[in-house]
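All ligand and atom numbering here is 1-based and tracks the order in the structure.
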Amino acid sequence: MSEKIESLKAAFAEDLKNLDTSAADKVDAFRVKYLGKKGLVTDLLKQTSTLPVEERPAFGKMVNELKAFVAECIDKAIETAKAAALDKKLSEGNVDVTLPGDGIPAGSTHPLYDIREEIIDFFSQMGFEVDFGRDIETDWYNFEALNTPPDHPSRDMQDTFYLDEGVVLRSHTSGTQIHYMETHKPPFRMIAPGHVFRVDNDATHAPMFQQCEGLVVDENISFADLKGVLQVFMNKLFGEGVKTRFRPSFFPFTEPSAEMDVSCVFCGGEGCRRCKGTGWMEIGGCGSVDPNVFKNCGIDGEKYTGFAFGFGLDRIAMLRHAIPEINLLTSNDERFLKQF
Ligand code: FA5
């Protein structure tokens with residue numbers, strides 16, 4: 001039987017010499033001839049079972065060695081055939097090697113994330129500490145300590161999600177002020193970025209959005225300090241030319257209180273549908289800390305004064321990128337996200 005193996009090996013070597021490796025189909029047919037299901041080597045291997053038991057191991061070993069040799073030679077022939085095919089294609093000029101390759105898709109940061117990081121950077125550089133607070137607050141932190149007792153009419157200003165009796169999804173970041181004042185002694189400056197929740201839904205109001213609270217407490221802090229800090233902040237966010245205005249307003253936890261507006265980016269201040277014809281867009285609330293809030297946190301309101309503010313990050317993103325609908329920011333729509 002070993003002669004059979006030797007003669008097949010010799011025949012294979014001869015056959016290989018004459019193989020046209022420039023044609024892939026011929027190489028494949030050659031592989032089938034020797035290693036296919038009914039191939040010559042496969043056939044030889046099948047004959048092992050017809051031999052006397054004592055001869056089988058030696059014969060099987062020799063055929064397997066032949067099989068490995070044949071497979072290696074054919075693999076080389078396949079590589080040669082592939083290279084020949086590529087050479088042919090290149091010489092025919094069918095491949096433009098100057099074409100750009102397939103792009104590797106890369107993600108990018110979300111515009112709201114970018115704005116949050118920018119705000120944190122800006123205030124950190126001014127010595128503000130960052131406290132992220134918590135999404136779930138008790139009534140005390142979200143309302144009462146902020147000078148808003150249960151039947152106070154100003155509770156209607158923020159339509160709140162109640163989780164349980166006296167437990168809410170925070171409707172603003174102002175509650176973090178209280179936690180901070182309970183655990184820190186003035187003087188201090190802090191910001192509190194985070195998600196907030198309200199029963200609200202239209203083009204400029206979302207049920208979940210982000211705010212960033214700010215609080216500064218020290219001796220002799222005035223409303224002028226507040227205006228100065230916020231003007232510089234707006235210049236940083238929207239550029240040197242941005243127009244701002246403070247409108248008298250009301251918040252139970254600040255006195256006096258104001259709303260801060262920036263000139264509408266959609267119409268440049270002319271007045272349009274988006275700014276309801278006013279030329280301005282509301283961006284946040286602010287004011288001097290109400291002495292009752294200091295009292296609730298054990299801070300001496302005779303000695304210390306302070307200012308606080310709270311901005312909507314989604315509104316800042318809308319203004320900065322001229323986004324017409326607030327819900328696009330959380331829609332997870334790739335067509336929208338790919339623009340950033
Ligand atoms: C407040 O939430 C106050 N806590 C802000 C504050 C802090 C005042 C400290 C004084 C001192 P207001 O409800 O106006 O205020 O919300 C502040 C900002 O959040 C708004 O100007 C707006 O930019 C944004 N905002 C409010 N409601 C929504 C909403 N549903 N969707 C998106 N942004 C909103």
Quiz item: In Å and rounded to the nearest 0.5 Å, what is the OG1 to CD distance from T204 to E282?
Solution: 9.0 Å
Quiz item: If you count the atoms of ligand 1 from 1 in the order shown, which ones are under 4.0 Å from a heavy atom of A308?
Solution: 9 (C), 11 (C)
Self-check item: Geometric class of the F309/F128 ring pair [parallel <30°, tilted 30-60°, perpendicular >60°]
Solution: tilted
Quiz item: For G287 and ligand 1, does the shortest N/O to N/O distance drop below 3.5 Å?
Solution: no
Exercise. State plainly whether the residues D43 and K46 are in salt-bridge range, i.e. N to O under 4.0 Å.
Key: no
Quiz item: Where is the nearest protein heavy atom to atom 22 (C) of ligand 1: which residue, which atom, and how far?
Solution: R315 NH1, 3.4 Å
Quiz item: Nearest 0.5 Å, what's the OH-CZ distance between Y141 and R134?
Solution: 7.0 Å
Let me check something: any side-chain donor-acceptor pairs from residues 8-16 under 3.5 Å, sequence neighbours excluded? List them with distances.
from	atom 1	to	atom 2	distance (Å)
E14	OE1	K17	NZ	3.4
D15	OD2	K33	NZ	2.6
D15	OD2	Y34	OH	2.8

Exercise. Distance to 0.1 Å, residue and atom name: give those for the protein heavy atom nearest to atom 9 (C) of ligand 1.
Key: E213 OE2, 3.2 Å
Exercise. Considering the heavy atoms of S174, write down every atom of ligand 1 situated less than 4.0 Å from one of them.
Key: 4 (N), 7 (C)
Quiz item: Quick check: are there more than 12 heavy atoms from other residues, nucleotides or ligands sitting under 6.0 Å from CG of N332?
Solution: no
Exercise. Give the contacting part of F309 toward ligand 1: side chain, backbone, both or neither, where contact means a heavy-atom distance below 4.0 Å.
Key: backbone
Practice problem: Could you list the atoms of ligand 1 found under 4.0 angstrom from a heavy atom of G312? | Solution: 18 (C), 19 (O), 23 (O), 24 (C)
Quiz item: Is it true that F197 and L163 fall in one hydrophobic cluster, defined by side-chain heavy atoms closer than 4.5 Å?
Solution: yes
Quiz item: More than 12 heavy atoms of other residues, nucleotides or ligands under 6.0 Å from NZ of K61: is that the case?
Solution: no
Quiz prompt | P207, portion touching ligand 1 at heavy-atom distance under 4.0 Å | solution = neither
Practice problem: Could you check atom 19 (O) of ligand 1 against the protein and tell me its nearest heavy-atom contact, residue, atom and distance included? | Solution: Q211 NE2, 3.2 Å
Exercise. Considering only non-hydrogen protein atoms, determine which one is nearest to atom 13 (O) of ligand 1 and report residue, atom name and distance to 0.1 Å.
Key: R198 NH1, 2.9 Å
Quiz item: For atom 31 (N) of ligand 1, which protein heavy atom lies nearest, and how many Å away is it?
Solution: A206 N, 2.9 Å
Exercise. Between V196 and ligand 1, find which residue part has any heavy-atom pair under 4.0 Å and reply side chain, backbone, both or neither.
Key: neither
Quiz item: Which ligand 1 atoms does I326 reach within 4.0 Å, using its non-hydrogen atoms?
Solution: 31 (N), 32 (C)
Quiz item: If we only count N/O pairs under 3.5 Å, is H172 in contact with ligand 1?
Solution: yes
Exercise. Check if D314 has a non-hydrogen atom at a distance under 4.0 Å from any atom of ligand 1.
Key: no
Quiz prompt | From CG (L313) to CZ (R320), nearest 0.5 Å | solution = 10.0 Å
Practice problem: Say whether W140 and V168 are linked into one hydrophobic cluster, either directly or through other cluster members, by side-chain heavy-atom distances under 4.5 angstrom. | Solution: no
Self-check item: I283, any N or O under 3.5 Å of ligand 1 N or O
Solution: yes
Quiz item: Which of the atoms of ligand 1 are close to T254, meaning less than 4.0 Å from one of its heavy atoms?
Solution: 10 (C), 11 (C)
Exercise. Kindly assign one of parallel, tilted or perpendicular to the pair F340 and F336, based on the angle between their ring planes and the thresholds 30° and 60°.
Key: perpendicular
Self-check item: Top protein contact for atom 20 (C) of ligand 1, by heavy-atom distance
Solution: E282 OE2, 3.2 Å
Exercise. Give the numbers and elements of all ligand 1 atoms closer than 4.0 Å to a heavy atom of D200.
Key: 30 (N)
Quiz prompt | Selection from F253, F209, F251 by shortest heavy-atom distance to atom 15 (O) of ligand 1 | solution = F251
Practice problem: Decide whether D131 and T176 meet the rule of one side-chain donor and one side-chain acceptor closer than 3.5 Å. | Solution: no
